[in-house]
Each structure stands twice: as structure tokens, then as C-alpha cells.
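In what follows, a structure is listed as C-alpha cells, so that the remarks can point back to it.
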There are 2 protein chains.
Amino acid sequence: MTAPAFFPQDIIIRKRDGGALSRDEIDFFARGVVDGAFADYQATALLMAIFWRGMTPQETAWLTDAMMRSGDVIDLRDLPGAKVDKHSTGGVGDKVSLILAPLAVACGLKVPMMSGRGLGHTGGTLDKLEAIPGFRVQLGVPEFRAILQRVGCAMIGQTPQVVPADRKLYALRDVTGTVECIPLICASIMSKKLAEGIDSLVLDVKFGRGAFMKKKEDALTLAHAMVEVGRAAGKPVRALLTAMHQPLGRAAGHTTEVVESIECLKGGGPADLMEVTYALTGQMLILGGKARDAAGARQQMEAVVANGSALKVFREMCAAQGGDARVVDDYSLLPTARKKLEIRAGADARGFVSEVDALRCGHAIMALGGGRAAVTDRIDHAVGLADLIKIGEPVAPGARLCTLHANDEARAARAEALIREAVKFTPAPPRQEPLIHDLVQ
Amino acid sequence: MTAPAFFPQDIIIRKRDGGALSRDEIDFFARGVVDGAFADYQATALLMAIFWRGMTPQETAWLTDAMMRSGDVIDLRDLPGAKVDKHSTGGVGDKVSLILAPLAVACGLKVPMMSGRGLGHTGGTLDKLEAIPGFRVQLGVPEFRAILQRVGCAMIGQTPQVVPADRKLYALRDVTGTVECIPLICASIMSKKLAEGIDSLVLDVKFGRGAFMKKKEDALTLAHAMVEVGRAAGKPVRALLTAMHQPLGRAAGHTTEVVESIECLKGGGPADLMEVTYALTGQMLILGGKARDAAGARQQMEAVVANGSALKVFREMCAAQGGDARVVDDYSLLPTARKKLEIRAGADARGFVSEVDALRCGHAIMALGGGRAAVTDRIDHAVGLADLIKIGEPVAPGARLCTLHANDEARAARAEALIREAVKFTPAPPRQEPLIHDLVQ
């Protein structure tokens, strides 16, 4: 055994005292958390020191790169076409990926997407896809690549060989109060995305009640950090800042979100959901060289929805990943809840909806059994929210606020209470906040 | 298994955000690091957060108490007489404990002393005692108590049952850059001392080149924190701030320090060593109710040195702990180095000694094989420094700077080079800095 190039405590002390780490030190750290040269109890001391002292853009880029190289990096260079992915920092009702990937493929891109599972009040793309009977998200790289080639998009979970340093570090951060740290969040997201073999990336950085970042400034800081890391890696990255105060669309859960996603691809999606989907996919088309600007992209996307080719890609991806593509035409093939309960406004409801608190809606899904408090929890795909009322819509006594899809009465009662707390009214039409804020590039 | 009262991450986050921890949270932490409810990787994140955010005096007192209660607390209440101990933050040539304990006992106190081993450039009392053939420092509590009763003092290593939380936390701090943190240092020292069953305590908080604290302000802050913790525990504590720029006395090592300690008890000790020993022992006598002031204490101490009763206690302790008490009269029974090499000043030496760098002297002892770089290293008790020149003494070409006790020529050469770097000269007599600074109580 050769002597280690560094002692972990020297690296910890440098960061503790506010210094910047060298590329070699950061490499040693990212490799060491995987191979044990950097013990867990040393890694967490360094994570807390990073939380305290921060990291320079250069350090963040090096950490991202070192984490990416801690495992396999997928090489898709031999695959023709521009490989562009999208990542969202997560929210409630955010089923954009399910619509965006087929849409982008129908417009000529390749979308190699590795996604995550839901935790807490936020949902996860993999869980939503698994509502489709037979849909497999745990594919190896060869199958991932074959589906990408044939269909144009594939949506899978991370393989254990990809970015093991992130899996280790994320598990440690989760139990040591070091999650909410911009450079660490940035390196975690970007290392996984850059390991997918993409050419460029669009980020949906959400802020607001239902988002991980509550404040727009924090979201903006994170967006800039991620765009910067992309630049350092030679991969164009664009980030849109989007509001996540109320759930996106009118459905939240798993089956309910799959149905809404298919409706979008059929041309019947809710306005807010389509606005975010078109904005993000549009940036992908621009990065992938398929459109010159957002207006040109919009035309193409509307066309592939109208002519059914986006929906066709969805069917093909479904079938390629083992899912029952007949769900596209028959929603009853999806897991269905025993009860559908309409929640209606009380006798004092007057005026307009001023708030539909996304965080409380997320908690309502958890109350129904459709979320995870811990990563090991099982979820009920059938339950969720549909027909959700939106901010700005008029209300009167008896107006429907939402339809609960529930499998248990006591759980439904808890969810109903949360929905009633989530929805607030105001006498005058409320000011409509924009959904899409800054573009960072 | 009942649910834990706290989640470690909540405690980490509170401290991370600058909050103060509750007594229950601190108890959970100190218990949890021992029983595993607080994982090592969570403990180190909290330690770094404490390093960053600090602890209030109240939190420090609670942590000390919780650490003390993590193991056995020795109860000496049934033993007659005042039980008073002394602790030093460590230096080079600091053999005060070996002289002070017999001195205090000869003046009527009981001294239950648990000491440590040397690490890096600082020596440890246990290692010095083990230079005496047969001397056992690993005694159980019943034997410790019996010797205390019969002899009046006993000097042993920590038993594994005493303050296990400190052993665990210290090992973690050592490898995570969280050593130099006043509240953690304070709790580490005080929890061990309060677990000894003492009535009161005198602290020697050293600062300077050869001390753990380089700056006097830091030493003063630590002294105040420890006195405060003693107050909270209902145990009077007094701290003396003493300078540790040059080694204490003229000997450093193990055999050489035992010889010098016995010389002190015989009345022939170097002035600086006796000054510090009398000052610290005097405070013990005041706390133990044996003297009204430093002058009265000094009279008593000089008397027990002059009439041989302090030396008699040393002999008795030696014999009680299995050591060969004949070393008192025959130093050749101690481990003896093969070579004694005098280091003499060069042809350009003129004027006075302005500096004898204690840190370099400590490194010289390590170079000779008489120190530990890692806790598992073995040490050579025979090697060390004797006849060390002191700051302010006149020099001329050929003046003796020091006598090296060495077992290896190459090692001796390295040590000589370090001693030559350590000793500096000045044409005019240098300003003599006081040895004893503040008394904190």
C-alpha cells in the first residue's frame, strides 16, 4: 500500500479555515468517500465546513467533475443527433418530464434521462412512470442506449455504477444537516446529469412554497452555479427559474399525473403545465440546434402535438421499457383508487382562489399514501389529486376544489383537511404572478 | 426499542444555524456517541458546527457534565481530607505533577491524579512515571482508592470506564480538524477531572511556543471557560496562566525528567521549575484549606522539602504503584542512554541566551526516539535532554547548551541540529518575561 497523497484532516482544516481546496484535494475527497480513504466521519466534517465556508465556482466545478468520474460516465457520442436532457429541482404536480421527452424527440432531439424518486412532499418521475403497468425504470446502460437509438428517449433510474460518490455523499448529507448548501446541491445534480453523456442541458430551478428553494434569490444562485459548472465542463446549460407556489397542472400523484401527461400530449393539457413544458422543451430545441428561438420552437412543438407524433413517441417509449402502451387509450388500465371524493367549497366561499399551497397539497398526497417520508417507504400509485382548482379561478359555495383519489377513508379525511387549508380565497381577482421568471445562461 | 427522544440531524441543524442546544439534546449527544444513537459521521458534523458556532458557557457546562456521566464517576467522599488535583494543558519539560503531588500530600492534601500520555512535542506524565522500573499506571479504581488512602496520592491512567464519551470524541476530533475549539477542549479536560472525585482543582494553562495554545488570549479564554465549568459543577477551580516559551527546568525526556523531579524534592530544583511548582501547589493548598495565602503555602512547602517528607511521599507512591523506589537514591537504576553528548556553543557565540524554543526542543526529543508522532508509537525512556541552558544565561564560545542522552548517532545528529536552531543569542541581557501570568478564579 502506498502512502495516501493527502491526509483528510489537512483538507478539512483548509476548508474549515476558509481556504480553497485544490483540484487534487477535491479528487482525493470524491474518490476517498467511495473507496474509504476518506472516512464517513471525516467526509461529514468536511461537508459541514463546506456548508459554513462555501466553495468557489472553480471548486464546485472540480467537485462536480470528480464526483462524475467516481463511477461510469456514459458515452453516447456514437449516437446520431443532439443529446439534450432536462432536470427539475422538484415540485408538486411536476410531470413535465413525461411530456417534454416525447415532445423533444418528436422535434428531432435525443433525450437520455436519468431521474429520481419522490421524497417528502415532492414527487419523482420514476414513481410516476411505474404507475404504468409493466414499466421498467431499472435498465442497464446497453438497454438504455438501445432504446435511445430506437425510440429517441429513455427514462431510467440511476444505475449503481453511475456517480457512486453522489449516492454516498447524499446519504451522509441527509442525516447531518448539510443538504441546503448551494455548491453541494449543484455538484450533486450536475455530476449525475453530466454522467449521462449529454451534449447540453436545460434546468428547471423552482422556487416557492412547494419547492426545495423557498426564495427566488437562492434559486437564482443555484441556477448560476449550475450554468457555470456546465460551462466549465464544456456543456451548454440553460436554466429557467419557475414559480412553484401552487401545484403544476390540475393533477398530483401518480396515476392522476400520468393521465394528465397523456392529455397534454393529446393537446388537452392545462395552460400552466403547457406553458412550463413548452418553455423548457423550447430551450432544449434551441440548445440542440432544432430551433432558433422560443417562438420557432413553439411552432414545432404545437405541430408535433397536433399531428400526434409526440404521443406516438410516448407510446413507443412505454412499450420499449416494458410498459403497457394501451394506457394511452384506456386510463382504466392504470392503478385506480377505490373512491373518488370531490372536495367542494363551503357556504362562505366567495370571490377568487388566491392560494393553492403546493406544500400542503404535497402533504395531502402523502396523507393518502402516495408519498414517501423515508426512502424505503412504499407508495400507492392509485391515490392522488385531480381536478385541482387554480389560483385566479372564481369560486362560489359548492365549487369543486379538487377530486381526491383515495383508498382509505381516514386517509382521505386527513387529505381533505390539508386541501381545505391549502386553498384560500380573496374577494377580488388576485394578481397573477408569472410562472416563468429568469432565463440563466 | 423506543423511538429516540431526538434525531441527531435536528441537533446538528440547530447548532449549524447558530442556536444553543438544550441540556437534553447535549445529554443525548454525549450518550449517543457512546451507545451509537449518534453515529460517528453525525458526531463529526456536529463537532464542526460547534467549532464554527461555539457554545455558550451553559452549553459547555452541560456538555462537560454529560460527558462526565457517560461513564463511571469515582466517589471519594468517604476518604478523609481535601481531594485536590492539578491539570496542565501540556508543554515541554513539564514534570510538575511528579513534584507537586508528593508536595501537596506532605502538606496534608489528597491528590487523586489521572494523567495522560505524551503526543507530538509534548510529554506525558504517565510516560515519565513508566521510566521508573516496575511503575504501574494502569490501576483499577479499588487499588487507586487504596493507594490514595494509604499514601495520599496516586497517579494513574484513565480507566476505560471513566468518560468514554471523551475517548470517542477526542479520537474523532483528532482526525477531523476539530481539536482547537475552546468549549470542546474545556469539556474534554473538565469531564475527566470532575470524574476523579475531586473537591477542587488547579489548572496550569500554558501558552507560548511549546504550548498547545500559542496566544495568551486563547489560554485566558480557555482558563475562564474551565473555571466557569467548575463553578457550574460546584467545584472550586483556579487557573494559573504560565508561559511555555522555553522548556520548564533543565531536563526534558523521561529518565532525565524523573531525575530532575527527584532533585526538586531533595531541594535542588531549577528556579523556574520550582517557581511554577510552588505556585500551582500553593493554589491547591489554598483551595484545600491548608493555607490562607501563597506566602503561607510557600512556607509549608519549603518545610516539607527541607525535612524530606515530600520525598518520602514520592518513595511511598513509587513503591505502592510497583515502582522501584531505590531510584530515588540511585539514578543508574533508571533506563540509561548509551551516549551522553554535550552540545557546545560555536565560536561566534557571544552575549546571552535570548531564546530556547520549546517546540524545537520537543522535536529534538522526538528525533531521539523519546516522543510519539502517533498514539501507537513506542518511546525510548532513556533518551532526552539534560543540562539545558536557560534564557538570560551568559554564553561564550564553547559554553554547554545541553547534554543529549542518545541511543543512536544519526538520531543524535538530528536532535543536535534542532537544539542549535532552538537556542538563540543576543548581545545584551534579554528582558525576562514573567513565568506566571494571570490567576483566574
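Every chain is numbered from 1, with letters handed out A, B, ... down the list of sequences.
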_Walk me through whether B:E180 and A:R16 qualify under salt bridge (charged side-chain N to carboxylate O under 4.0 Å, His left out)._
CA-CA 11 Å; B:E180 305 91 340; A:R16 178 197 82 184; 3.1 Å; yes
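Nearest approach of B:V92 to B:A358, heavy atoms of both residues: CG2-O, 3.3 Å.
Listed options B:P8, B:A43, B:A49, B:A45 were ranked by heavy-atom pairs under 4.5 angstrom with chain A; first place goes to B:A45. Taking A:Y41, A:W52, A:F51 one by one and counting their heavy-atom pairs under 4.5 Å with chain B, the maximum is reached by A:W52. Among the candidates A:I11, A:D10, A:I12, A:V175, the residue making the largest number of heavy-atom pairs closer than 4.5 Å to chain B is A:V175.
A salt bridge does not link B:K216 to B:D218: none of the charged nitrogens lies less than 4.0 Å from a carboxylate oxygen. Electrostatic pairing of A:R53 and A:D17 does not count as a salt bridge here, judged by no charged N lying under 4.0 Å from a carboxylate O.
With a 4.5 Å cut-off on non-hydrogen atoms, A:L172 touches chain B through its side chain but not through its backbone. With a 4.5 Å cut-off on non-hydrogen atoms, A:D174 touches chain B through its backbone but not through its side chain.
The aromatic rings of B:H121 and B:H363 lie perpendicular to each other, with more than 60° between the two planes, well past the 30° mark.
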